[in-house]
Protein chains: 4
Amino acid sequence: MSHRKGGLQGERTCKLIRRALIELVEEKGFAEVTVGEIAARAPVNRATFYRYYRDKYALVEEIFQDVVSELSAGLGPTGQVATRERIVGWERLFEHVGRHHRLYAALLGRRGDPWFAARLRERCVELARDRLRTVQDAIPGAGRDAESDDLQLVLAANMILGAITWWLEHHRPRSAHDMAEAVVRFATQGYFDALGIGTAQPG
Amino acid sequence: MSHRKGGLQGERTCKLIRRALIELVEEKGFAEVTVGEIAARAPVNRATFYRYYRDKYALVEEIFQDVVSELSAGLGPTGQVATRERIVGWERLFEHVGRHHRLYAALLGRRGDPWFAARLRERCVELARDRLRTVQDAIPGAGRDAESDDLQLVLAANMILGAITWWLEHHRPRSAHDMAEAVVRFATQGYFDALGIGTAQPG
Amino acid sequence: MSHRKGGLQGERTCKLIRRALIELVEEKGFAEVTVGEIAARAPVNRATFYRYYRDKYALVEEIFQDVVSELSAGLGPTGQVATRERIVGWERLFEHVGRHHRLYAALLGRRGDPWFAARLRERCVELARDRLRTVQDAIPGAGRDAESDDLQLVLAANMILGAITWWLEHHRPRSAHDMAEAVVRFATQGYFDALGIGTAQPG
Amino acid sequence: MSHRKGGLQGERTCKLIRRALIELVEEKGFAEVTVGEIAARAPVNRATFYRYYRDKYALVEEIFQDVVSELSAGLGPTGQVATRERIVGWERLFEHVGRHHRLYAALLGRRGDPWFAARLRERCVELARDRLRTVQDAIPGAGRDAESDDLQLVLAANMILGAITWWLEHHRPRSAHDMAEAVVRFATQGYFDALGIGTAQPG
DNA sequence: ACGTAAGCGAGACGGTACGTCGCGTCTTACC
DNA sequence: GGTAAGACGCGACGTACCGTCTCGCTTACGT
């Protein structure tokens, strides 16, 4: 992504390679894809692949970075007014995922790469942390417990990842807006209230 | 898992192999472990490994099954009284994970196997579904929406998995009881209340 | 064939094993036969095979010895009157081979074992040497050149082996008597006379 | 033998491999030679061996083809004048074998490959058939019996093979010319005359 | 515009791991 | 004592990818 911008040809080759990877990951899962297959699909010589990427992980990393950049850009600045009702941020997230649904499905599914999921999770935690900080800064008196905060952020991030995964595995049966709502409901009211059995109690 | 119970020696060999895998997974992650290494570590001939397991996945599958069986047994019958305060079930879960923390850490970490995480997640969903059903059955009038329920269960399961992962990655800085409390708090009060900023609002 | 004569059972087992080998050699050639297959075909446990034979070579060796013993017995004492016309000895050889044609075909064919062919060739040379010595002893004045004799014996033995092989590979299109005649003709008159082109000359 | 002529390196590698095989076959016999050993001796990676040859048989086949080509070329056109005295053809054969004596000894000996011997025998039969045909064509009146001819050719070929084998196993105690003479004597005068005991008679 | 450096295909190569097969030895239990 | 059952170490097999490398061709860039 750096040394190769010089030539048009290199640009083209990288695009071919990336497209090939995505196709193949969709077809058989990241783990099963080999460099040889990517090259054959591109179609490009196997040695050419290695000219641009150290291995298939470097390639997926690049794709991931691009996608995350797009996501970050799409979410806009974090320090916005945040209200319980404003689920716009999450809605945008789901829209973004929906736009790249084949890629996300391939990479997050059970044939996906754990490493990719971890990266995405981290990214979600970061995003959530930014937003939380904004909120916390607005409440001067709030005590902070970094570790505790961290745990809750991780829980939230995992929940959101779970929502995305579920959504993709079920072929997006609901709108991005509905998903965002569901997530927010879970986050604000808790699980049982979200299920409408507020009087019940967990075992 | 079945055909080998005959011989005592076979039993012993399997144990050696399983121990070897766990050690190696802890050291370098599942993906990096090689059948040859497992055999060398056991110590057992590589061919002997193949006498009992088709590949390293079959081996980890067996280990997983055993662990899950132990977990299920440990959780006891599901149809128990469930109160918002009763977090015993989840506490037991964390205790179980803590008991096998090296294995879980190895298999759930980012060097772990996605497939293992998926299996465990499914298992959590099933457990949660059982419990939910018990609760719902106790509330005759409650309307049910299978899909919606499913989503919420998946969210909860992901949250719990996230808690476990976080706990293990940070070398279990809190007690199983505390973790269970944190999880339950998140599930019952939602994310913001759990953070003690009930008045704040998600972006 | 020595330590096992004790039990009837052992006798029986050896017979089964030998029969199995012969069948298999006929079906797929000696080289392709494995101990496991022999055992399975017998049917006998593989370990039992090893109780009696060190490997498949030891087994075929035993079979070979038996066959050669029968052959030697069939040929009778060597010091008989020998005339150019008396081809009875060679006829008996072909009859013997014909009687065991499946075994010989299996072991001498191109899927046979080189080692077996070599053994048989040696045996032929020995037989021929015996006969030659008898003849030579009857001619007191004949000069001897051991090396030269040896070469001619080997040539003769190879020729005979070739005749046997040809006969078997073509499914014995002629009688043993005809074969013996052909061999003797070649041996006594030479190749060109045998072909009826005595005036022609080799290139 | 065809697809690799492109690269110079490939050429070189094949040469190394072939040399290695020949060395090893001389040392321990074809059957005992392992692909791994060939590779180690070349020296070349085992995988590289498989790049060029399916297995050790394919390799020896190629070597054999080359040697036979050289032999055929060396023998020159077949339709030459052939006299009883002209043993030049056979002399050339022995010279050729002598030139490659280590290879032939390795492949024809009792540790050699039966398949190789069979191939060589066939080749000899073909060569002999060509020559015979030339001779027969020169004698219009000669009756022909294809089967009978075939048998005699096979006998001659086996005899020659036997001569070659004997020669090699005894480390070529005589000149190629002497060997050719011995063979021709056997072929033209028959076994007993060749032994100088024309009055004696076979049993 | 055109020579030159790049991008690229082709493919050889060493290397690691795979999963399979067959060997010959051994122990255990049965009859 | 002979046998079945089968575990075990061993070593070779042929295959699949890996990441590196060299070699020419061609092509599109820079001056």
Side-chain angles (χ1 to χ4, degrees), chain A residues 3-4 6-14 16 32-39 42-56, chain B residues 3-4 6-14 32-39 42-56 58, chain C residues 3-4 6-14 32-39 42-56 58, chain D residues 3-4 6-14 32-39 42-56 58:
Chain A
H3 60 293
R4 81 183 67 88
L8 305 181
Q9 207 169 162
E11 198 68 26
R12 201 186 91 93
T13 302
C14 285
L16 289 172
E32 311 309 316
V33 173
T34 75
V35 174
E37 282 171 330
I38 298 170
V44 118
N45 191 279
R46 199 163 65 88
T48 300
F49 176 93
Y50 285 108
R51 192 180 309 284
Y52 294 106
Y53 303 100
R54 212 158 56 76
D55 50 33
K56 68 174 180 174
Chain B
H3 60 291
R4 87 180 62 87
L8 304 179
Q9 203 169 175
E11 197 67 27
R12 201 185 90 92
T13 300
C14 285
E32 312 308 317
V33 173
T34 243
V35 173
E37 283 171 330
I38 300 170
V44 120
N45 191 280
R46 198 164 65 92
T48 299
F49 175 93
Y50 286 109
R51 209 180 300 282
Y52 295 106
Y53 303 100
R54 213 156 55 77
D55 49 32
K56 67 174 181 175
Chain C
H3 62 291
R4 80 183 68 89
L8 308 180
Q9 211 171 160
E11 198 69 26
R12 201 185 90 91
T13 301
C14 285
E32 311 310 316
V33 173
T34 75
V35 174
E37 282 171 329
I38 299 170
V44 117
N45 191 279
R46 198 164 66 89
T48 300
F49 175 94
Y50 285 107
R51 192 179 309 284
Y52 294 107
Y53 303 100
R54 211 157 56 78
D55 50 32
K56 68 174 180 175
Chain D
H3 61 291
R4 85 180 64 87
L8 304 179
Q9 203 169 177
E11 197 69 25
R12 202 185 90 92
T13 301
C14 286
E32 311 309 317
V33 173
T34 243
V35 173
E37 283 170 328
I38 299 170
V44 119
N45 191 280
R46 198 164 66 91
T48 299
F49 175 93
Y50 285 109
R51 208 180 304 283
Y52 294 107
Y53 304 100
R54 213 157 57 75
D55 50 32
K56 66 175 181 174

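Keep in mind it's a predicted model, so treat the numbers as computed, not measured.
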May I ask you to verify whether the side chain of Arg46(B) and the base of dG19(E) hold a donor-acceptor pair under 3.5 Å? yes
Atom OH of Tyr52(C) and atom C1' of dA4(F): how far apart are they, to the nearest Å? 13 Å
Residues which pass side chain to side chain contact (heavy atoms under 4.5 Å, CB included) with Ala39(D), listed by chain and number, not counting sequence neighbours: Val44(D), Arg46(D)
Which nucleotides of nucleotides 26-31 of chain E have their base under 4.0 Å from a protein heavy atom (B), which only their sugar-phosphate (S), and which neither (-), written as one string 5' to 3'? B-----
Output yes when at least one side-chain N/O atom of Thr48(B) is less than 4.0 Å from OP1 or OP2 of dG9(F), else no. yes
Can you name the residues that form a side chain to side chain contact (heavy atoms under 4.5 Å, CB included) with Ala47(D), not counting sequence neighbours? Asn45(D)
Checking contacts here: which listed nucleotide (dT3(F), dC8(E), dG14(E)) is nearest the side-chain heavy atoms of Val44(D)? dG14(E)
OP1 or OP2 of dT20(E) less than 4.0 angstrom from a side-chain nitrogen or oxygen of Tyr50(B), does that happen here? no
Please report, rounded to the nearest Å, how far the P atom of dC18(F) is from the OH atom of Tyr53(A). 16 Å
Would you mind telling me which of dC17(F), dG7(E), dC10(F) lies closest to the side-chain atoms of Thr34(A)? dC17(F)
Of Gly36(D) and Pro43(B), whose nearest nucleotide on DNA chain F comes first from the 5' end? Pro43(B)
Which nucleotide sits closest to the side chain of Val35(A): dG14(E), dG19(F), dT3(F)? dG19(F)
